[in-house]
2 protein chains.
Amino acid sequence: MADRSTIYEVARRSGVSTATVSRVMADGTGFSAATRERVKATAAELSWVPSGSARGLAARRTGIVGLIFPDLGQSGDAEEESPLYVDQVIRGAERAATSAGDAVLIAATSTASGRDLAFSVAGKVDGLVILARSLPDDDIVALSRSVPVVLLATNLARSGPDFVGPDFVGADNRGGSRAMTAHLIAVHGHTDLAFLAGPAGSPDSEERFAGFCAALRDAGLPEPAAPAATGSFTEAGGEQAVRELIATGRRPGAIVCGNDEMALGALTALRAAELRVPADVAVTGFDDIAAARRARPALSTVRQPMRELGECSVRLLLSRIAAADTARKSVVLPTELVTRRSCSCASRAVSGPSGRSPG
Amino acid sequence: MADRSTIYEVARRSGVSTATVSRVMADGTGFSAATRERVKATAAELSWVPSGSARGLAARRTGIVGLIFPDLGQSGDAEEESPLYVDQVIRGAERAATSAGDAVLIAATSTASGRDLAFSVAGKVDGLVILARSLPDDDIVALSRSVPVVLLATNLARSGPDFVGPDFVGADNRGGSRAMTAHLIAVHGHTDLAFLAGPAGSPDSEERFAGFCAALRDAGLPEPAAPAATGSFTEAGGEQAVRELIATGRRPGAIVCGNDEMALGALTALRAAELRVPADVAVTGFDDIAAARRARPALSTVRQPMRELGECSVRLLLSRIAAADTARKSVVLPTELVTRRSCSCASRAVSGPSGRSPG
DNA sequence: GCATCCAACGTAAGCGGTTACGTAGGTAAC
DNA sequence: GTTACCTACGTAACCGCTTACGTTGGATGC
């Protein structure tokens with residue numbers, strides 16, 4: 001509690017200068033073993049902890065990285081255990097940071113306070129990891145002008161000629177979607193597949209659609225020019241999109257959805273239309289949120305390695321902080337196929353890496 | 001990236017002094033609207049964010065609170081989604097901090113690095129919330145000498161005459177256990193109940209045992225002098241303890257376990273002994289970890305309000321930071337009874353607050 | 001018309017470390 | 001016995017803010 005003692009006090013009592021105390025505390029060199037012990041003893045005796053603020057100021061390095069994530073499930077998840085999606089990322093980030101001697105500052109952006117919060121955090125850290133859907137692109141661009149930023153699982157839409165965006169870490173959307181689609185074709189014999197896209201302009205959705213198309217091409221099936229339907233990345237969006245699809249008279253054998261929420265909505269719409277899943281139509285998602293496993297039927301999906309994404313993004317951020325003026329990097333982590341009932345699989349999980357590529 | 005500009009640069013370009021810039025950025029008073037806009041514009045133009053370190057140094061307040069938690073499930077939870085226990089606390093802490101304008105720094109202590117990590121964090125924050133099982137008591141005492149500390153869901157064993165421990169926030173162990181035991185007696189008619197205690201000296205275990213005894217007393221049943229068995233707070237501990245209990249020839253109608261892990265172990269031991277749960281013997285846990293719901297039979301247990309605990313501990317910490325020299329506080333939050341198959345209940349969840357009391 | 005008061009600033013002394021640079025004393029080389 | 005060099009420190013100039021205190025100029029009171 002008595003946070004009163006300073007490096008001066010410790011130096012005085014140890015009979016050395018503040019420089020020496022500083023060197024000892026930083027595990028540096030330039031002092032004898034005896035001096036080291038004396039200083040450490042004095043510090044312990046005074047229960048002195050060097051001030052992070054003073055250190056940060058003088059050394060121009062706080063030793064803190066910030067993680068900004070969207071505050072999903074503000075309400076309504078009293079019953080539902082909230083998607084541990086974000087939690088895994090947090091844990092991964094913490095682990096990577098700690099093992100590098102840094103700490104992680106977390107902040108959830110509720111749409112209201114997002115901008116101010118983010119800027120407040122930006123001042124306290126050496127760099128920022130920004131998770132998808134935390135902030136509008138403009139704010140991200142603004143932030144990245146005052147502090148190193150790594151984007152996680154999202155990418156800036158704007159890619160002008162000389163615009164160099166922040167570093168990026170994400171999962172292999174294309175490969176995962178391609179693997180899932182190939183699975184539906186090769187294992188379950190589907191030939192009439194429909195893709196349910198997320199909001200227009202979403203890089204995630206576009207990449208997943210590209211993977212879907214690639215798998216069709218691979219199998220020699222006709223490749224659609226555009227997704228069969230489009231909606232927002234929500235249950236309501238998926239339900240709506242499938243309802244409209246059905247209304248057009250289309251009856252695909254399988255529906256590949258842009259994400260799990262949409263797939264969940266798709267299940268609802270299909271049930272309402274008295275179509276059985278997977279007997280009449282197979283449904284797949286993307287992300288493997290907690291609800292996917294609990295859906296009836298359990299949802300086949302593509303899992304993103306959340307913890308690894310968290311770790312990876314912090315590592316990338318730290319390397320960027322250490323070397324500011326190197327080329328922009330982007331890292332793509334492999335996804336994992338999770339096959340459950342909704343695609344007619346009985347097995348628990350067939351896993352397989354989907355690919356890995358530089359950006 | 002160009003984190004170059006300082007308050008001096010902003011002041012110069014705005015034609016004011018640094019004091020005015022500072023006042024504007026802190027949303028203070030003592031400047032005209034015109035000045036305010038000019039400064040804000042300049043700041044945005046330079047994409048300047050005030051340095052948290054410099055602010056912290058000058059104002060003696062970082063605006064950061066630290067949360068220290070144990071790094072459970074380092075390995076082996078590839079299949080198991082790790083108990084979201086801690087994650088809920090983190091989210092709660094984040095919410096409370098953010099709404100007070102602060103941020104949360106998180107750090108997981110793996111037994112190896114615990115001490116150093118904690119002290120490193122202590123220097124960067126205004127105060128610390130320390131979750132149960134993160135650190136040995138000695139380290140907690142040491143930390144609390146250099147920074148305000150709130151203990152979460154654990155309490156220091158040592159309570160010497162003039163020893164004033166840190167503030168404390170926890171769930172109503174006694175009330176929760178009492179309610180569960182009363183449920184077993186009143187609803188399911190049990191009269192021969194056994195308590196499976198955690199490690200000796202654990203305040204949690206002791207309080208839960210006390211609640212167990214109180215319920216027996218309430219019902220006019222004989223009250224044991226000591227728990228029927230004792231083990232560590234793990235599955236192995238619970239399994240072992242029940243095996244030994246059975247070996248003595250004892251066949252209680254219900255086993256009230258010190259926590260969920262022990263209860264899970266108990267299920268295993270009972271199965272091995274060919275005793276059916278709940279037909280032959282009822283089993284209950286404490287905590288409501290994720291695995292409790294998925295156990296066969298699903299485990300009846302007592303849920304701690306993790307998110308609320310996180311929120312509450314941060315709020316308490318912030319009030320302590322604001323007013324250092326007030327009496328030690330302790331807050332006890334009510335628990336919730338969660339009845340599932342393992343106590344013969346079919347219903348999903350019967351909830352009820354268990355009590356609330358000052359310390 | 002003059003004292004009073006207040007809003008709107010400016011001045012400058014820290015806050016508690018880090019670190020470039022300087023120095024003393026001892027050792028090795030020749 | 002010098003010179004050169006290295007280890008183990010000390011000196012002091014920052015790092016970029018906050019804030020107590022001082023100042024100014026116009027409005028107000030009488």
Side-chain angles (χ1 to χ4, degrees), chain A residues 2-40 42-43 46-64 101 119-120 122-126 146-147, chain B residues 2-40 42-43 46-64 101 119-120 122-126 146-147:
Chain A
D3 207 342
R4 292 287 146 246
S5 37
T6 70
I7 197 174
Y8 298 104
E9 179 75 4
V10 175
R12 199 177 55 71
R13 293 211 193 193
S14 308
V16 298
S17 73
T18 62
T20 296
V21 174
S22 178
R23 287 191 274 253
V24 168
M25 294 312 288
D27 288 320
T29 58
F31 47 82
S32 66
T35 300
R36 173 203 170 80
E37 294 316 315
R38 196 147 26 89
V39 170
K40 290 238 163 185
T42 310
L46 295 175
S47 49
W48 170 71
V49 179
S51 151
S53 295
R55 280 193 146 168
L57 221 207
R60 288 119 214 253
R61 184 140 198 296
T62 61
I64 304 176
F119 276 87
S120 153
K124 297 173 177 167
V125 302
D126 295 327
S146 41
V147 75
Chain B
D3 207 342
R4 292 288 146 246
S5 37
T6 70
I7 198 175
Y8 297 106
E9 179 74 4
V10 176
R12 199 178 55 72
R13 293 213 195 193
S14 309
V16 298
S17 71
T18 62
T20 297
V21 175
S22 177
R23 287 190 273 252
V24 168
M25 295 311 289
D27 287 321
T29 57
F31 47 83
S32 68
T35 300
R36 172 204 171 79
E37 294 316 315
R38 198 146 26 89
V39 170
K40 290 236 161 185
T42 311
L46 294 175
S47 49
W48 170 72
V49 179
S51 152
S53 295
R55 279 193 147 171
L57 223 207
R60 289 121 216 254
R61 182 137 201 297
T62 62
I64 305 178
F119 276 87
S120 153
K124 298 172 176 166
V125 302
D126 294 328
S146 41
V147 75

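Here the structure is a predicted model, which means the values were calculated and not measured. By convention in this document, chain letters (A, B, ...) are assigned in the order of the sequence lines, proteins followed by strands, and residues within each chain are numbered from 1.
Across all non-hydrogen atoms, the minimal contact from A:Ser53 to B:Leu57 is CB-N, 3.5 Å. Nearest heavy atom pair, residue A:Ser146 against residue B:Val49, reads OG-CG2, 3.6 Å.
With hydrogens and angles left out, the side chain of B:Arg60 and the base of C:dG16 share no donor-acceptor pair within 3.5 Å.
Between the side chain of B:Asp126 and the backbone N or O of B:Thr62 there is at least one donor-acceptor pair closer than 3.5 Å. Of the possible polar contacts, one joining the B:Arg38 side chain to the B:Ser14 backbone as a donor-acceptor pair under 3.5 Å is found.
In this structure, A:Val16 reaches the sugar-phosphate backbone alone: every heavy-atom distance under 4.0 Å involves primed, P, OP1 or OP2 atoms, never a base.
The CG-C1' distance, from A:Asp126 to D:dC15, rounds to 14 Å in whole Å. Per the geometry, CH2 belonging to B:Trp48 stands 11 Å off P belonging to D:dG16, to the nearest Å. In this entry the distance linking CZ of A:Arg61 with P of C:dG17 reads 19 Å, nearest Å.
Using a 4.0 Å cut-off between charged nitrogen and carboxylate oxygen, B:Arg12 and B:Glu9 count as a salt-bridge pair.
In the set D:dC17, C:dG17, D:dG10, the nucleotide with an atom closest to the side chain of B:Ile7 is D:dC17. Picking from D:dT19, C:dC15, C:dT18 the nucleotide with the shortest atom distance to the side chain of A:Ala59 gives C:dT18. When distances run from any side-chain atom of A:Ser32 to the nucleotides D:dC9, C:dA12, D:dC15, the shortest one goes to D:dC9. Comparing C:dT18, C:dT11, D:dG16 against the side chain of B:Ser51 picks out D:dG16 as the nearest. Checking D:dC21, C:dT18, D:dC9 against every side-chain atom of A:Ser22, the shortest atom distance belongs to C:dT18. Side-chain proximity of A:Ala19 to D:dT11, C:dT18, D:dC17: nearest is D:dT11. When each of C:dC15, C:dA12, D:dT11 is scored by its nearest atom to the side-chain atoms of A:Ser17, the top-ranked nucleotide is D:dT11. When distances run from any side-chain atom of A:Leu57 to the nucleotides D:dG16, D:dC17, C:dG10, the shortest one goes to D:dG16.
Taking 4.0 angstrom as the limit, A:Thr35 places a side-chain polar atom (N or O) nearer than this to OP1 or OP2 of D:dC9.
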